[in-house]
Protein chains: 2
Amino acid sequence: MSVNLKQLAKALNLAPSTVSRALRDSHEISADTKERVKKLAAELGFEPNPFASSLRQSKSKTIAVIVPEIENNFFSQAMNGIELVAQQKGYHVLIYITHENFDREKSILQLLRNGRVDGLLISISNNTKNFDHLDEYVHAGVPLVSFDRVYESAAIPSVTTDDVTAARKATEHLLAGGCRHIAFLSLAEGLSISSRRKQGLQDALKKHRQVTATTIECSNDDESNRILIRKLLQQKQRPDGIFAAVEKLAVNAYEVCQELKISVPGKLKIISFSNSASTALFDPPLSTIVQPAREIGEEAAKILFKLIDKKVLIPSEKKQILPSFINARKSSAPK
Amino acid sequence: MSVNLKQLAKALNLAPSTVSRALRDSHEISADTKERVKKLAAELGFEPNPFASSLRQSKSKTIAVIVPEIENNFFSQAMNGIELVAQQKGYHVLIYITHENFDREKSILQLLRNGRVDGLLISISNNTKNFDHLDEYVHAGVPLVSFDRVYESAAIPSVTTDDVTAARKATEHLLAGGCRHIAFLSLAEGLSISSRRKQGLQDALKKHRQVTATTIECSNDDESNRILIRKLLQQKQRPDGIFAAVEKLAVNAYEVCQELKISVPGKLKIISFSNSASTALFDPPLSTIVQPAREIGEEAAKILFKLIDKKVLIPSEKKQILPSFINARKSSAPK
DNA sequence: CTGTTAGCGCCTTCAT
DNA sequence: ATGAAGGCGCTAACAG
């Protein structure tokens with residue numbers, strides 16, 4: 001391919017090591033030499049071979065991000081934040097999408113246990129019930145930080161939103177609007193976000209003994225979700241409020257409401273976690289709980305780089321929690 | 001870190017070269033030895049050091065994807081397709097987001113001219129007017145394929161949708177609905193997708209001399225876009241049809257229509273390129289031109305791997321065009 | 001301040 | 001069917 005360090009050194013009548021040091025601005029090289037070296041390097045478009053340098057230094061200047069999906073505003077915004085911080089740090093970002101597949105998640109972790117990356121950010125697949133692959137990975141000594149869908153382990157730092165509080169507030173919002181029977185559309189029982197958001201709902205209900213709640217376990221399949229929701233909304237005692245754990249499920253609920261001609265918010269109020277701005281254009285505009293997705297990505301990356309740089313984390317950094325906020329719109333408006 | 005080839009070899013009482021061959025299923029190794037080697041390798045979780053092997057073979061088993069943004073269903077779906085194909089090929093994917101910044105795009109290309117990747121997929125930033133950085137890159141001999149927002153160069157294969165045809169059909173759809181003054185919301189004059197989509201619009205208008213068209217040059221900034229659209233819709237002779245080149249601009253148009261209480265589709269019909277399924281829930285449901293985003297990503301990746309594998313492309317592969325389809329909804333319905 | 005030497009871990013001749 | 005040796009390109013240790 002292009003020119004290498006040795007050739008560059010020969011052209012300059014210098015030793016390769018001198019050239020190497022000059023390019024890395026070592027203090028033990030004369031300003032004069034540095035200039036000469038950098039000039040020719042720029043002219044020849046020299047770029048050090050990253051593999052030789054990684055091999056030598058056991059540092060890849062690369063991190064990996066593992067996400068369940070990317071076609072989802074939360075994850076793409078988080079990705080934006082991660083990429084930004086990595087860019088500033090001069091790091092490269094490898095992306096892996098598990099498509100909510102546990103085996104894929106496991107094999108990626110295995111693949112990355114060879115120094116290809118200096119660290120790893122992960123948001124867990126909703127089919128992951130066993131975390132040995134994460135424990136083993138951490139045990140191998142490579143920094144790992146989880147975000148949003150986290151693994152609750154003392155050894156793994158995490159960055160999330162205040163799911164419990166946000167869910168409690170969302171529920172209180174529905175209660176204030178007059179709801180007396182709330183359905184919680186959950187993504188996957190085992191997921192950290194599902195259990196926390198459900199916890200928030202239950203917290204809110206403690207002061208409201210007369211209010212009943214139902215949990216509907218949904219999946220990644222739109223059609224089967226719609227079937228579940230249709231069944232829910234065709235009951236005699238159907239709910240008057242829906243709290244969706246992720247946007248996808250609110251969309252499914254809207255579809256069913258249109259089909260069954262259920263008036264929102266008249267007969268049913270809906271609120272959902274969502275990071276999509278265009279929910280404001282829905283009919284009716286969807287009330288959302290918005291996570292600071294980009295910041296979550298940024299913070300997770302910053303924590304990861306602290307670990308990579310062998311800095312010690314202060315306790316608040318180990319389990320970082322960023323607040324979400326509620327965007328109340330017409331879908332949950334009181335009469 | 002973990003175990004390396006030499007240690008594995010010693011544990012097996014074999015030479016490193018034998019172990020290396022066994023793991024790569026070389027035909028000159030006995031089935032017996034292969035089995036022994038693979039068993040222990042799996043037990044110890046051995047993964048060859050990727051940098052040593054890349055250095056030795058001058059192959060990185062990695063591709064890069066450069067996109068203007070990721071918080072956009074088109075790009076995230078394309079990314080999905082790319083990642084899928086790469087995964088099947090045993091390749092890793094580096095992601096770079098330019099945020100529509102030309103300098104960033106340029107510096108990434110420079111960074112990648114050192115063998116870090118075996119190939120590159122790019123969708124061009126809307127502020128890119130000069131393509132020297134791409135030409136130089138290709139000249140350096142590294143495979144590059146552009147998709148969606150492409151650089152029209154004979155040397156660079158591309159994968160796009162049939163922008164001209166799709167735009168023509170979308171325009172004809174508005175015309176059939178009765179529109180007589182169409183506004184085209186364009187993203188950036190220089191972009192391949194902008195000029196092609198505008199071309200399609202003009203093609204459709206050729207048979208309709210009495211119809212007038214206006215082009216509004218929009219940007220990445222929502223607020224200034226809304227100002228432009230507001231001005232457009234407050235004219236005496238305001239348009240009765242809007243064709244938005246990208247979803248973002250249709251969203252801006254909806255916002256302004258709500259603000260100005262312009263009835264859609266009564267007074268104004270709207271159609272837009274979009275890959276977001278939830279446009280069906282908009283008020284009114286948005287008519288969209290849907291690109292096969294995932295397939296575009298997949299095809300682009302497949303072409304890239306053909307180049308990487310030194311296969312010769314047949315002419316139809318050099319400029320691949322996949323059809324979009326129109327999803328007519330209420331926003332463009334005739335009276 | 002600059003040069004020499006050695007080795008990161010792997011794969012690929014070449015030899016046996 | 002297996003082993004021995006060399007080198008990919010870079011940088012860190014050691015000289016001077």
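Quantities reported herein were computed from a predicted structural model and do not represent experimental measurements. Here is the naming used below: chain letters follow the sequence lines, and residue numbers restart at 1 for every chain.
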Would you give me the side-chain donor-acceptor pairs under 3.5 Å for residues 298-306 of chain B, sequence neighbours excluded?
unit_1	atom_1	unit_2	atom_2	d
E299(B)	OE1	Q320(B)	NE2	3.0
K306(B)	NZ	E317(B)	OE2	2.6

Tell me: [atom1] of [X] to [atom2] of [N], nearest whole Å?
X	N	atom1	atom2	result
K10(B)	dG9(C)	NZ	C1'	14 Å
L23(A)	dT11(D)	CG	C1'	12 Å
K6(A)	dC8(D)	NZ	C1'	10 Å
D25(A)	dC1(C)	CG	C1'	15 Å
N13(B)	dG3(D)	CG	P	8 Å
D32(B)	dT2(D)	CG	C1'	13 Å
N114(A)	dG9(C)	CG	C1'	12 Å
L12(A)	dC1(C)	CG	P	18 Å

So if I take every side-chain heavy atom of N4(A) and compare against dC1(C), dG3(C), dC10(D), which nucleotide ends up nearest?
dC10(D)
Taking the minimum atom-to-atom distance to the side chain of N49(A), which one of dC10(C), dC10(D), dG3(C) wins?
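The answer is dC10(D).
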Do the side chain of S123(A) and the main chain of F147(A) share a donor and acceptor less than 3.5 angstrom apart?
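At least one qualifying donor-acceptor pair exists.
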Spell out, as yes or no, whether a donor-acceptor pair under 3.5 Å connects the side chain of S60(A) to the backbone of R116(A).
yes
With 3.5 Å as the limit, what N/O pairs link the protein to nucleotides 14-16 of chain C?
none

Where along residues 50-64 of chain A does a heavy atom fall under 4.0 Å from DNA chain C?
L55(A), R56(A)
With the side chain counted from C-beta on, respond yes when [X] and [Y] share a heavy-atom pair under 4.5 Å apart, and no when they do not.
X	Y	value
N101(B)	S125(B)	no
R113(A)	V142(A)	no
T98(B)	T128(B)	no

Rounding to 0.5 Å, atoms CD1 (I70(B)) and CE (M79(A)) come to a distance of 7.5 Å
Which is more 5' along DNA chain D, the nucleotide nearest T18(B) or the one nearest F46(A)? Just name the residue.
T18(B)
Q57(A) CD: over 12 foreign heavy atoms closer than 6.0 Å:
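Counting other residues, nucleotides and ligands, CD of Q57(A) exceeds 12 neighbours.
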Considering non-hydrogen atoms only, spot the tightest contact between S192(B) and E152(B) and give its length.
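Scanning both residues completely, I find the closest heavy atoms to be CB-OE2, 3.8 Å.
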Just call it for S17(A): base, sugar-phosphate, or nothing, with non-hydrogen atoms closer than 4.0 Å on any strand.
base
